[in-house]
Structure formats: structure tokens, C-alpha cells
Amino acid sequence: MFPSVLDKAEVLYYTHKDDYGVIRFPDCEKADLYRYLAICKYANDNNYYLFCCNENFEVVSDTAWDSAEQCMQIAASYKTDIEWIKLKDEY
């Protein structure tokens, strides 16, 4: 089951396990795989965050955006046929 909180942010949407890309060290060696994506929100923060997570649901990359829709649009550049699963209503 997908966690409801990642890095102290509430998970609003998440994806099924898949291949969403690779994170690399500065020398281009593979560091980790993006296996899950999540759209999250911190309390008292207006931004929405697109989290890229590894196999163990650890956040390995994140970016801040103005809306969940923007997060979804950015995620589409990783993979075009993403199915988002709603975990919690936006606020």
C-alpha cells in the first residue's frame, strides 16, 4: 500500500509502480530508479510537489508547482500514459 505521507507532506495522488526514469550521480552513473510518482502538499505551503520515489517509497527528487494539474503535466514528460490514483482531496 502506498504511504499517505512522504517527507512530512500529505500524498494527494500517486501512481502504480512503473519505470518513470533514472536518477544519476554527477558522473552519470545510475544512482536510483524512479519507480513511483506522487503529488503531495505540505501544511501551510501553497505549492504542490511532484515527488519521484524509489522502490522503497523514498523521495529521490522533487519539484514545486502551482497546482496538482501542473504536476501531472510535468510527470507526462517522464511517461505519457500515467494513471493517477487519488488518495486525498486537494485543499
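Owing to the predicted nature of the structure, the values given are computational and were not obtained by experimental measurement.
- A search for side chain to side chain donor-acceptor pair (under 3.5 Å) contacts involving Gln70 returns nothing, not counting sequence neighbours.
- In this structure, Asn56 CG and Tyr36 OH are separated by 9.0 Å, a value rounded to the nearest 0.5 Å.
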- Could you check Leu37 against Cys52 for side chain to side chain contact (heavy atoms under 4.5 Å, CB included), going step by step and ending with a plain yes or no? CA-CA 5 Å; Leu37 301 177; Cys52 298; 3.7 Å; yes
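- Note that CD1 of Ile74 and OH of Tyr48 are 16.0 Å apart. Values are rounded to the nearest 0.5 Å.
- Evaluation of the ring-ring contact (aromatic ring centres under 6.0 Å, His included) rule for Tyr20 yields no partner, not counting sequence neighbours.
- The neighbour count for Asn46 CG, taken as heavy atoms of other residues, nucleotides or ligands under 6.0 Å away, does not exceed 12.
- Partners of Asp81 under the side-chain contact (heavy atoms from CB on, under 4.5 Å) rule, at least two apart in sequence or in another chain, are Lys79.
- Residue Ile82 comes nearest to Ala75 through the heavy atom pair CD1-O, 3.3 Å, listed as atom of the first residue, atom of the second, then distance.
- For Glu58, there are no salt bridge (charged side-chain N to carboxylate O under 4.0 Å, His left out) partners at least two apart in sequence or on another chain.
- Heavy atoms of other residues, nucleotides or ligands lying less than 6.0 angstrom from CH2 of Trp84 number more than 12.
- Of all heavy-atom pairs between Leu87 and Pro3, the closest is CD2-O, 3.8 Å.
- Residues passing the ring-ring contact (aromatic ring centres under 6.0 Å, His included) test with Phe51, sequence neighbours excluded: none.
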- Item | Residue pair Asp7, Tyr42: steps toward the side chain to side chain contact (heavy atoms under 4.5 Å, CB included) verdict | CA-CA 9 Å; Asp7 283 0; Tyr42 290 101; 3.8 Å; yes
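- In this structure, Tyr13 OH and Met72 CE are separated by 4.5 Å, a value rounded to the nearest 0.5 Å.
- Partners of Ser4 according to the side chain to side chain donor-acceptor pair (under 3.5 Å) rule, which considers only residues two or more places apart in sequence or in another chain, do not exist here.
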- Intermediate values then yes/no, side chain to side chain contact (heavy atoms under 4.5 Å, CB included), Arg35 and Asp18: CA-CA 5 Å; Arg35 302 301 283 166; Asp18 207 334; 5.8 Å; no
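- Of all heavy-atom pairs between Lys41 and Asn47, the closest is NZ-O, 3.3 Å.
- Not counting sequence neighbours, the partners of Tyr49 by the side chain to side chain donor-acceptor pair (under 3.5 Å) test are Asp45.
- Residues satisfying the ring-ring contact (aromatic ring centres under 6.0 Å, His included) criterion with Tyr78, sequence neighbours excluded, are absent altogether.
- With values rounded to the nearest 0.5 angstrom, Thr63 atom OG1 is found 4.5 Å from Leu50 atom CG.
- Atom CD of residue Glu69 and atom CD1 of residue Ile39 lie 8.0 Å apart, to the nearest 0.5 angstrom.
- Nearest heavy atoms, Val11 versus Val5: CG2-N, 4.0 Å.
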- Decide yes or no on side chain to side chain contact (heavy atoms under 4.5 Å, CB included) for Leu33 and Glu55, but give the supporting numbers first. CA-CA 8 Å; Leu33 296 173; Glu55 180 97 14; over 6 Å; no
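- To the nearest 0.5 angstrom, Met1 atom CE is 6.0 Å from Tyr14 atom OH.
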